[in-house]
There are 2 protein chains.
Amino acid sequence: MTMVTIRPYSQALDRLRAAGLRPTRQRLALARLLFDGCDRHISAEQLHNEAVANNIRVSLATVYNTLHQFTDAGLLREIVVDAGRSYFDTNVSDHHHFFYERSGKLCDIPAEMIGVTKVPDAPAGLKISRVEVIVRVDG
Amino acid sequence: MTMVTIRPYSQALDRLRAAGLRPTRQRLALARLLFDGCDRHISAEQLHNEAVANNIRVSLATVYNTLHQFTDAGLLREIVVDAGRSYFDTNVSDHHHFFYERSGKLCDIPAEMIGVTKVPDAPAGLKISRVEVIVRVDG
DNA sequence: GTGTTTGCAAAGTGTTTGCAATTTA
DNA sequence: TAAATTGCAAACACTTTGCAAACAC
């Protein structure tokens, strides 16, 4: 391997490949918005607005589809804190959240900053899929 | 205390009084459904169905209003685990929840069965209003 | 080419609102 | 009777769906 080829979208492309999702124009563009940069908590509507602002032609329906496909593929995690609004978290590693009730904003809390002890076993051989801690802040 | 007077509605009535809510027919009936019996997690629609099944004439709008008034008064706690559906918990004391993702059911976990340590301070003088632990069970 | 993905607009879900009629104190 | 509460139906916000056209491999 002697030459370095310029590969825009590469991170996004790799993620789609790894997830077995066809790298369509829309998925690539959305993946770039989501994953090129720092971790974020974003709603479907926010992402759609951002796409439009970046001259990416994509429908809201496709944004919803894509967010769910990414979530199913483990690229995103869905967070529900508020009735009637879903956020998607680009950070899928083990961590928790502050939720600012007034503004509706979310903020990560690294896993190691909260200790959860003595979680009871799931009843009847069921498996615990996640232990979620939400620290609700009144501001 | 020599005689035991039969006082239907009394628990519900007392709760409404304590909360400063006028004991209307609808509120009394809903309070009885909610508070006479064991603790429960119930949605607006479920409560409305239950009311109708018990020949209580009350509109869905009033059920929503009432649930929110009760929540504001501290008689209920709202729990959001699922996008687009709110549950109301008649147990307002400190505790946590199992959430069965497949069936959508909630189940209490007593506060003392889960230890949460080292919760980081809320930023900038904000107050933590609640630390919520949801143990998501895949069944 | 063939199966997948997209966009649109329509339908769906859960919740809230405006307002006249009713009820409570 | 004055103020609070209710019911209805319409409005709402967010999300999903059906299907024809466009696209990826």
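So that the names make sense, note that chain A is the first sequence line, chain B the second, and so on, each numbered from 1.
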If the cut-off is 4.0 Å, is [X] near the phosphate of [N], judged by side-chain N/O to OP1 or OP2?
| X | N | value |
| --- | --- | --- |
| A:Tyr64 | D:dT16 | no |
| A:Thr24 | C:dT6 | yes |
| A:Arg27 | C:dT5 | yes |
| A:Gln26 | C:dG7 | yes |
| A:Ser59 | C:dG7 | yes |

Do the side-chain N and O atoms of B:Arg57 and B:Gln26 include a donor-acceptor pair separated by under 3.5 angstrom? no
Can you find a side-chain donor-acceptor pair between A:Arg27 and A:Gln69 that sits under 3.5 Å? yes
Between A:Ala61 and B:Ser86, which has a closest nucleotide on DNA chain C that is more 5'? A:Ala61
Mapping B:Leu60 and A:Gln69 onto DNA chain C by nearest heavy atom, which one lands closer to the 5' end? A:Gln69
What integer distance in Å separates [X]:[atom1] from [N]:[atom2]?
| X | N | atom1 | atom2 | value |
| --- | --- | --- | --- | --- |
| B:Arg57 | D:dT6 | CZ | P | 12 Å |
| A:Phe88 | D:dT15 | CZ | C1' | 10 Å |
| B:Leu21 | C:dT24 | CG | P | 15 Å |
| A:Asp82 | C:dG14 | CG | P | 17 Å |
| A:Leu16 | C:dT6 | CG | P | 10 Å |
| A:Asn49 | D:dC14 | CG | P | 11 Å |
| B:Ile79 | C:dG14 | CD1 | C1' | 17 Å |
| B:Tyr87 | C:dT13 | OH | P | 15 Å |

If I compare all heavy atoms of B:Asn91 with all of B:Asp108, which pair ends up nearest, and what's the gap? ND2-OD2, 3.2 Å
Could a donor-acceptor pair under 3.5 angstrom be found where the side chain of B:Arg22 meets the base of C:dT24? yes
Classify the nucleic acid contact of [X] as base, sugar-phosphate or nothing, counting any heavy atom under 4.0 Å across all strands shown.
| X | answer |
| --- | --- |
| B:Ser43 | nothing |
| B:Arg85 | sugar-phosphate |
| B:His68 | sugar-phosphate |

Could you label the plane-to-plane angle of the B:His97 and B:His95 rings as parallel, tilted or perpendicular, counting under 30° as parallel and over 60° as perpendicular? perpendicular
Given C:dG7, C:dA25, D:dG7, identify the nucleotide with an atom nearest to the side chain of B:Arg25. D:dG7
Think A:Arg15 forms a cation-pi with A:Phe35, using NZ or CZ under 6.0 Å from the six-ring centre and within 45 degrees of its axis? yes
Paired nucleotide for C:dA21 [Watson-Crick or G-U wobble; both distances under 3.5 Å]: D:dT5
Going by purine N1 to pyrimidine N3 plus the second Watson-Crick contact, or the G-U wobble pair, all under 3.5 Å, which nucleotide sits opposite C:dT16? D:dA10
Under the side-chain hydrogen bond (donor to acceptor under 3.5 Å, both in side chains) rule, what do B:Glu101 and A:Ser129 come out as? Steps first, then yes or no, please. CA-CA 9 Å; B:Glu101 305 198 294; A:Ser129 64; 3.1 Å; yes
